[in-house]
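Read through the structure below, which is laid out as structure tokens, and then see the notes.
These numbers were taken from a predicted model, which means no experiment stands behind them.
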Protein chains: 4
Amino acid sequence: MPERPSDPHSPRAPYMRVLDALVAEIEEGKYEPGAKLPSEPELAERFGVARMTARRALRELREQGIVETEWGKGTFVKRSD
Amino acid sequence: MPERPSDPHSPRAPYMRVLDALVAEIEEGKYEPGAKLPSEPELAERFGVARMTARRALRELREQGIVETEWGKGTFVKRSD
Amino acid sequence: MPERPSDPHSPRAPYMRVLDALVAEIEEGKYEPGAKLPSEPELAERFGVARMTARRALRELREQGIVETEWGKGTFVKRSD
Amino acid sequence: MPERPSDPHSPRAPYMRVLDALVAEIEEGKYEPGAKLPSEPELAERFGVARMTARRALRELREQGIVETEWGKGTFVKRSD
DNA sequence: GTGGTCTAGACCACT
DNA sequence: GTGGTCTAGACCACC
């Protein structure tokens, strides 16, 4: 449950828009546990942001324990939810 | 299977982990001058990395003058330390 | 299935046994045009030969224009049969 | 797509083809001292090789002291020729 | 957006 | 059966 409504009145960093969208899609089950998220370039293009921004969103997801990243392979939704 | 093939948060890149381990073992005398190091596939399996990563560590050892590589034979600890 | 029985009386180089078997399988359609042949280690194990022997058979197939090899990818049955 | 990504029968490995071409262009003055070489992905596409192969050629140029690489910026022809 | 590192797998050249 | 090179793609650290 997103306790983070994207309030257009409160300035919100672009990476949070990506983050929120990914969190929502994971919760909706679009990306099931174990599934691979889109690559950084794909996320960047899809959300119309710089690659750094996509990376930052993924890092946030990682630090929140929602996904796991494996070098050279990709970023995956954690199974141990 | 290695539980965590490589931790992106680790302060040292995977190839440095392999490098450090080999340097330590050579210094400890596990591999004496003239001795043959394990083959690249063996190192890869032992450290849970791709062969290219094992190769990267061996290249570093070679450039540091610690080992010598002979085509089709293997990598050996240098005698002229 | 092998229409080229390996006659123990006529001395036949080991690589030719592999070669004959592969030619037969390609003609039988086991490997269709564009299909990937087994890798060198796989052929070596399957026929109980050294890897060099498997390689030599593949090279022969290549020189006969039956297959094409792409570096880093594999060996494939030619489409322009 | 490149018609023949790399010919295994070629006397020179693919990375040497890239290396030779770059050396020639630098000597011809196409890239003057201080100039930036094309990026790795660009070289890879131009020569029809994998990025690692383009990198291999650049590494050779670097070790020969012909170019310098700056992190996150690019590879440049050395001024102190 | 670059160069740096990594995965996983293939074939090549040589001993 | 080793080290050498290659493919095709990923993420990382830095500018």
Side-chain angles (χ1 to χ4, degrees), chain A residues 36-44 50-52 54-56 58-59 62 68-76, chain B residues 2 5-10 12-16 18 36-44 48-59 62 68-76, chain C residues 36-44 50-52 54-56 58-59 62 69-76, chain D residues 2 5-6 8-10 12-16 18 36-44 48-59 62 68-76:
Chain A
K36 186 178 169 299
L37 294 185
S39 72
E40 295 172 356
E42 284 169 346
L43 289 175
R51 189 164 158 186
M52 279 281 287
R55 267 184 64 59
R56 184 160 175 199
L58 287 178
R59 190 181 61 186
R62 196 159 55 229
E68 270 179 333
T69 295
E70 296 183 48
W71 265 37
K73 289 183 170 174
T75 296
F76 304 83
Chain B
S6 60
D7 180 353
H9 297 127
S10 156
R12 278 177 103 51
Y15 86 89
M16 287 195 176
V18 180
K36 185 180 169 300
L37 293 184
S39 72
E40 294 174 354
E42 282 171 348
L43 289 175
V49 297
R51 184 184 156 204
M52 285 287 283
T53 304
R55 274 180 66 67
R56 180 77 176 76
L58 288 178
R59 175 156 75 93
R62 199 158 52 233
E68 271 175 336
T69 295
E70 294 181 49
W71 248 75
K73 292 170 83 176
T75 297
F76 303 83
Chain C
K36 187 179 169 299
L37 294 184
S39 72
E40 293 173 355
E42 284 170 347
L43 289 175
R51 191 164 158 186
M52 279 282 288
R55 267 184 63 60
R56 183 159 178 199
L58 287 179
R59 190 181 62 187
R62 196 159 54 231
T69 295
E70 295 183 49
W71 266 35
K73 290 182 171 176
T75 296
F76 304 83
Chain D
S6 59
H9 298 126
S10 155
R12 278 178 102 52
Y15 87 88
M16 287 194 177
V18 180
K36 185 181 169 300
L37 293 183
S39 73
E40 295 174 352
E42 281 171 348
L43 289 174
V49 297
R51 184 183 155 205
M52 286 287 283
T53 303
R55 271 179 68 66
R56 180 78 174 76
L58 289 178
R59 175 156 76 91
R62 201 159 50 232
E68 270 175 336
T69 295
E70 295 181 47
W71 249 74
K73 291 170 82 175
T75 296
F76 303 83

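- For the pair Met16(B) CE and dT5(E) C1', the computed distance is 10 Å after rounding to whole Å.
- Look at Arg55(B) and you'll find a side-chain N or O under 4.0 angstrom from OP1 or OP2 of dG4(F).
- Along DNA chain E, the nucleotide nearest to Lys73(B) and the one nearest to Pro38(D) differ in position, and the one closer to the 5' end is contacted by Pro38(D).
- Note on Arg62(C): a side-chain N or O is less than 4.0 Å away from OP1 or OP2 of dC12(E).
- Atom CD of Glu42(C) and atom P of dG1(F) are 19 Å apart (whole Å).
- Judged as a salt bridge (Lys or Arg N to Asp or Glu O under 4.0 Å), and not counting sequence neighbours, Lys36(B) has no contacts.
- Nearest-nucleotide mapping onto DNA chain F: of Ala54(D) and Gly74(B), the residue sitting toward the 5' end is Gly74(B).
- The side chain to side chain donor-acceptor pair (under 3.5 Å) check on Thr75(A) picks up Thr69(A), with sequence neighbours excluded.
- One interatomic measurement links the two molecules: CZ of Phe76(B) to P of dT15(E), which rounds to 13 Å at whole-angstrom precision.
- Atom pair Leu58(D):CG and dC6(F):C1' shows a separation of 16 Å (rounding to whole Å applied).
- In this structure Arg62(D) satisfies the salt bridge (Lys or Arg N to Asp or Glu O under 4.0 Å) test with no other residue, sequence neighbours excluded.
- Arg51(B) comes within contact range of at least one nucleobase, with a heavy-atom separation under 4.0 Å.
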(request) Fill in the dot-bracket string of DNA chain E, one character per base: . for unpaired, | for a pair to another strand, ( ) or [ ] for pairs within the strand, taking Watson-Crick or G-U pairs under 3.5 Å. (result) ||||||||||||||.
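- Protein atom CH2 of Trp71(C) is 7 Å distant from nucleotide atom C1' of dC6(F), rounded to whole Å.
- Between dT2(E) and Ser39(D), a contact under 4.0 Å exists linking OP1 or OP2 to a side-chain N or O.
- Partners of Arg56(A) under the salt bridge (Lys or Arg N to Asp or Glu O under 4.0 Å) rule, at least two apart in sequence or in another chain, do not exist in this structure.
- Between Leu43(C) atom CG and dA10(E) atom P there is a gap of 11 Å when expressed in whole angstrom units.
- Atom C1' of nucleotide dC6(F) and atom CD of Glu40(C) are separated by 13 Å, given to the nearest angstrom.
- In terms of the salt bridge (Lys or Arg N to Asp or Glu O under 4.0 Å) criterion, Glu42(A) has no residue partners (sequence neighbours excluded).
- Residue Met52(B) holds its CE atom at 9.0 Å from CZ of Arg59(B), rounded to the nearest 0.5 Å.
- Take the nearest nucleotide of DNA chain E for Thr69(D) and for Lys36(C): the residue whose nucleotide is more 5' is Thr69(D).
- Shortest non-hydrogen contact noted between Trp71(C) and Pro14(D) is CZ3-CD, 3.6 Å.
- Glu70(B) has its CD atom 11 Å from the C1' atom of dG3(F), to the nearest Å.
- Taken to the nearest 0.5 Å, the CZ atom of Arg51(A) stands 7.5 Å off from the OG atom of Ser39(A).
- Within 4.0 Å of Arg56(D), counting heavy atoms only, lie sugar-phosphate atoms of the nucleic acid but no base atom.
- Residue Pro14(B) places its side chain closer to dT5(E) than to any other of dC14(E), dT5(F), dT5(E).
- A sub-4.0 Å separation between OP1 or OP2 of dT7(E) and a side-chain N or O of Thr53(B) is present.
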